[in-house]
Engineer: 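The structure is given below, and queries will be raised subsequently.
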2 protein chains.
Amino acid sequence: MSQAREPVQIRQTDSRTAILESAERAFADQGFGGASIRAIAREAGVNQAMVHYYYQNKDQLFRSVVARRSGQVNDRRNDALDALFQDGVPGLEELMEALLRPTIEIGHDDAHGGPAYARLIVAFNNAADERSQNVAKEYYDPIARRSIDAMRRVVPALGKAEAVRSYLFAISLALSLMAKTGRAARLSDGLCDDSDTEETVANAVAFACAGIRALANKNNIQNRQSG
Amino acid sequence: MSQAREPVQIRQTDSRTAILESAERAFADQGFGGASIRAIAREAGVNQAMVHYYYQNKDQLFRSVVARRSGQVNDRRNDALDALFQDGVPGLEELMEALLRPTIEIGHDDAHGGPAYARLIVAFNNAADERSQNVAKEYYDPIARRSIDAMRRVVPALGKAEAVRSYLFAISLALSLMAKTGRAARLSDGLCDDSDTEETVANAVAFACAGIRALANKNNIQNRQSG
DNA sequence: ACCAGCCTTAATCAAACGTTTAATTAATGA
DNA sequence: TCATTAATTAAACGTTTGATTAAGGCTGGT
């Protein structure tokens, strides 16, 4: 018997991830329909047949792009949740920072293609087409459910419907911060930088926590009146 | 002299707006690149050359779709702002409702294709490509600037950067409510309906106002400490 | 040296794309 | 009635698309 070897990963690494990163940029900039496999291959510096060799078709290429990044973000979120609830129930600010920080930080990670994925994830987060919904369901629903449960443990007054809404609000808020469309800078005449990760996280957490408490109070008052 | 007549509009109305509405749905569902003029024409029940006859090319077709709806929303917003500030400075809740309600309501207007435009506007609101940015700049920046100024008059403690961020947060929040991706219903096991316009507006306003006040306080405290 | 396996290539396919054209029909004003 | 204009059509343009194929190069194990 020969000893263990893994020549496969070593050899395929270059082209495989080059395609993935090129695809990430293309999907982010032009959408699924607008991106072309030919252009993705060209920018990755590989033959266009290589895209099909590694990823079979355009649909699976898209899923592979999302799978890689969502894994990075959600691993960090899950770890943070584990740590937070280990010593009892944390505060709302801690919880929301744990949920929002990984999302915002990956979008700010210029060196590793974060902004491109940020644009991509924003685009399909609010999309209603079947492909986007299937991908969202597979890669983001599990962490979403866990986060919503966590929010209700931290703020017991929060009803389930309000918790879901709050989570989606907070996420949509964090995503709008990742997108870096340049609109904030334009509207503020350059005052909003958004490259300051810490300030961005702080703003998002502050805004989200205040909003969540408002929904929880609203829910509470309604229950008292009707009950 | 013959009496007044407008045969042109009457004759072209049918096909012209049929194309526009079909295009709205196509762009919303498949994105700019994914939507095809052929399919748009087919679903509108017209020859595909008609699309170019009325709208020259795909780019102008897209702009025409946005122009029509943004006009509807922003006229209502501008009127509401005029009315609000006529008798002095309104409260934050009134202001935010004036800004968010038109956006949310048009997304809930099932009978007039609102949901399709909602999805479309969400998609390109966070997009960074040149086309989306140009359209956003032309059709949405003016009302955005006016709204941001209004917010600062109502909440003087709000710095300019915070006001811009707050506005973008609030809008992204309202848009995520319009989108109706089905995700809220799925995550809440059907509890979140989002077809109740009044409750949706109330939730969005409550969340946004609380968040804005939080940012204003944060800004205030920082100024006191550093000043 | 040789084979077997991944990796890479150029060439090719049918289908769909946005756009243009020329010709036809329907409605109008004189 | 007749020329004029607007609306509509079918057909074709050249290009690009996603996907497939068959062939060749490279590498490591024997």
Side-chain angles (χ1 to χ4, degrees), chain A residues 1-66 129-132 135, chain B residues 1-65 129-131 135:
Chain A
M1 282 298 182
S2 56
Q3 62 261 37
R5 58 181 173 90
E6 49 259 274
V8 178
Q9 287 95 333
I10 292 174
R11 280 180 65 193
Q12 76 179 195
T13 290
D14 282 353
S15 294
R16 235 190 115 88
T17 72
I19 291 168
L20 213 55
E21 280 162 14
S22 173
E24 186 172 74
R25 272 172 271 136
F27 286 137
D29 289 341
Q30 344 213 27
F32 181 85
S36 94
I37 292 189
R38 293 168 127 87
I40 289 171
R42 196 183 321 125
E43 217 198 324
V46 305
N47 188 281
Q48 56 175 291
M50 297 292 293
V51 179
H52 292 93
Y53 177 74
Y54 283 120
Y55 300 100
Q56 290 78 56
N57 54 45
K58 201 179 180 183
D59 238 279
Q60 297 222 37
L61 175 60
F62 181 79
R63 297 179 75 89
S64 301
V65 169
V66 176
D129 64 290
E130 203 173 340
R131 173 177 30 252
S132 301
V135 173
Chain B
M1 282 296 191
S2 57
Q3 61 261 36
R5 59 183 172 87
E6 47 259 278
V8 178
Q9 288 93 333
I10 291 174
R11 277 179 66 194
Q12 76 177 197
T13 290
D14 282 354
S15 295
R16 237 190 114 88
T17 72
I19 292 169
L20 212 56
E21 280 162 12
S22 173
E24 186 171 74
R25 272 172 271 138
F27 285 137
D29 290 341
Q30 341 215 28
F32 181 85
S36 93
I37 291 189
R38 295 169 126 86
I40 289 171
R42 196 183 321 124
E43 216 198 323
V46 304
N47 189 281
Q48 64 172 289
M50 296 293 293
V51 178
H52 293 90
Y53 177 73
Y54 283 120
Y55 299 100
Q56 290 79 56
N57 55 44
K58 201 179 179 182
D59 237 280
Q60 298 222 37
L61 175 60
F62 180 79
R63 297 178 75 89
S64 300
V65 168
D129 64 293
E130 202 173 341
R131 174 179 28 253
V135 173

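These figures come from a predicted structure and were not determined experimentally. In the text below, chain A, chain B and the rest are named by the order of the sequence lines, each starting its count at 1. Because only heavy atoms are used, hydrogens play no part in the values below, and waters and symmetry mates are left out as well, while side chains stay in.
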Engineer: Only stems of 3 or more consecutive Watson-Crick or G-U pairs count here, both distances under 3.5 Å; name the ones for DNA chain D, or none.
Structural biologist: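 Stem list for DNA chain D: C:1-4 with D:27-30, C:7-30 with D:1-24.
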Engineer: Tell me the interatomic distance from Arg16(B), atom CZ, to dA6(D), atom C1', rounded to whole angstroms.
Structural biologist: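 Rounding to the nearest Å, CZ of Arg16(B) and C1' of dA6(D) are 13 Å apart.
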Engineer: Between Tyr55(B) and Arg16(B), is there a cation-pi geometry (under 6.0 Å to ring centre, at most 45° from the normal)?
Structural biologist: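 Relative to the ring axis of Tyr55(B), which defines the angle, Arg16(B) lies inside both limits.
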Engineer: With a 4.0 Å limit, can you tell me whether Tyr54(B) has a side-chain N or O closer than that to the phosphate oxygens OP1/OP2 of dA6(D)?
Structural biologist: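 Looking at the OP1 and OP2 atoms of dA6(D), neither is under 4.0 Å from any side-chain N or O of Tyr54(B).
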Engineer: Are any non-hydrogen side-chain atoms of Val135(A) and Arg63(A) less than 4.5 angstrom apart?
Structural biologist: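 The answer is yes; the side chains approach within 4.5 Å.
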Engineer: Identify the heavy atoms of Lys58(B) and Gly33(B) that sit nearest to each other, and give their distance.
Structural biologist: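 Nearest heavy atoms, Lys58(B) then Gly33(B): NZ-O, 3.8 Å.
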Engineer: Give me, pair by pair, the N or O atoms of the protein and of nucleotides 18-24 of chain D that are less than 3.5 Å apart, along with how far apart they are.
Structural biologist:
{"from": "dG18(D)", "atom 1": "OP1", "to": "Ala35(A)", "atom 2": "O", "distance (Å)": "3.2"}
{"from": "dG18(D)", "atom 1": "OP1", "to": "Lys58(A)", "atom 2": "NZ", "distance (Å)": "2.9"}
{"from": "dG18(D)", "atom 1": "OP2", "to": "Ile37(A)", "atom 2": "N", "distance (Å)": "2.8"}
{"from": "dG18(D)", "atom 1": "N7", "to": "Arg38(A)", "atom 2": "NH1", "distance (Å)": "2.8"}
{"from": "dG18(D)", "atom 1": "O6", "to": "Arg38(A)", "atom 2": "NH1", "distance (Å)": "3.0"}
{"from": "dA19(D)", "atom 1": "OP2", "to": "His52(A)", "atom 2": "NE2", "distance (Å)": "3.2"}
{"from": "dA19(D)", "atom 1": "OP2", "to": "Lys58(A)", "atom 2": "N", "distance (Å)": "3.0"}
{"from": "dA19(D)", "atom 1": "N6", "to": "Gln48(A)", "atom 2": "OE1", "distance (Å)": "3.1"}

Engineer: Can you tell if the side chain of Tyr54(A) reaches within under 4.5 Å of the side chain of Gln60(A), non-hydrogen atoms only?
Structural biologist: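 Counting from C-beta outward, Tyr54(A) and Gln60(A) never come under 4.5 Å.
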Engineer: Under 4.0 Å: is that the gap between some side-chain N or O of Ser15(B) and OP1 or OP2 of dA7(D)?
Structural biologist: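 For Ser15(B), the contact criterion (side-chain N or O under 4.0 Å from OP1 or OP2 of dA7(D)) is not met.
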Engineer: Compare side-chain N and O positions of Tyr53(A) against OP1 and OP2 of dC7(C) and report whether any pair is under 4.0 Å apart.
Structural biologist: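 Yes, within the criterion.
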Engineer: Nearest 0.5 angstrom please: Phe32(B) CZ to Arg131(B) CZ, how far?
Structural biologist: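 The distance works out to 3.5 Å.
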Engineer: Roughly how far, to the nearest 0.5 Å, is the OG atom of Ser36(A) from the CD atom of Gln48(A)?
Structural biologist: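 Interatomic distance, Gln48(A) CD to Ser36(A) OG, rounded to 0.5 Å: 8.5 Å.
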Engineer: Return the minimal non-hydrogen interatomic distance between Ile40(A) and Ser22(A), and the atom names on each side.
Structural biologist: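 Looking at all heavy atoms of both residues, the closest pair is O-OG, 2.8 Å.
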Engineer: Give, for atom CD of Glu24(B) and atom CG of Asp29(B), the distance between the pair rounded to the nearest 0.5 Å.
Structural biologist: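 Rounded to the nearest 0.5 Å, the CD-CG separation comes to 10.5 Å.
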Engineer: To the nearest Å, how far apart are Met50(A) CE and dT9(C) C1'?
Structural biologist: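 Distance check: Met50(A) CE to dT9(C) C1' gives 9 Å.
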Engineer: In whole Å, what is the span from the CD1 atom of Ile19(B) to the P atom of dA7(D)?
Structural biologist: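 Going from CD1 in Ile19(B) over to P in dA7(D) covers 11 Å.
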Engineer: Whole angstroms only, please: what is the CD1-P distance between Ile40(B) and dC17(C)?
Structural biologist: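 Going from Ile40(B) (CD1) to dC17(C) (P), I get 10 Å.
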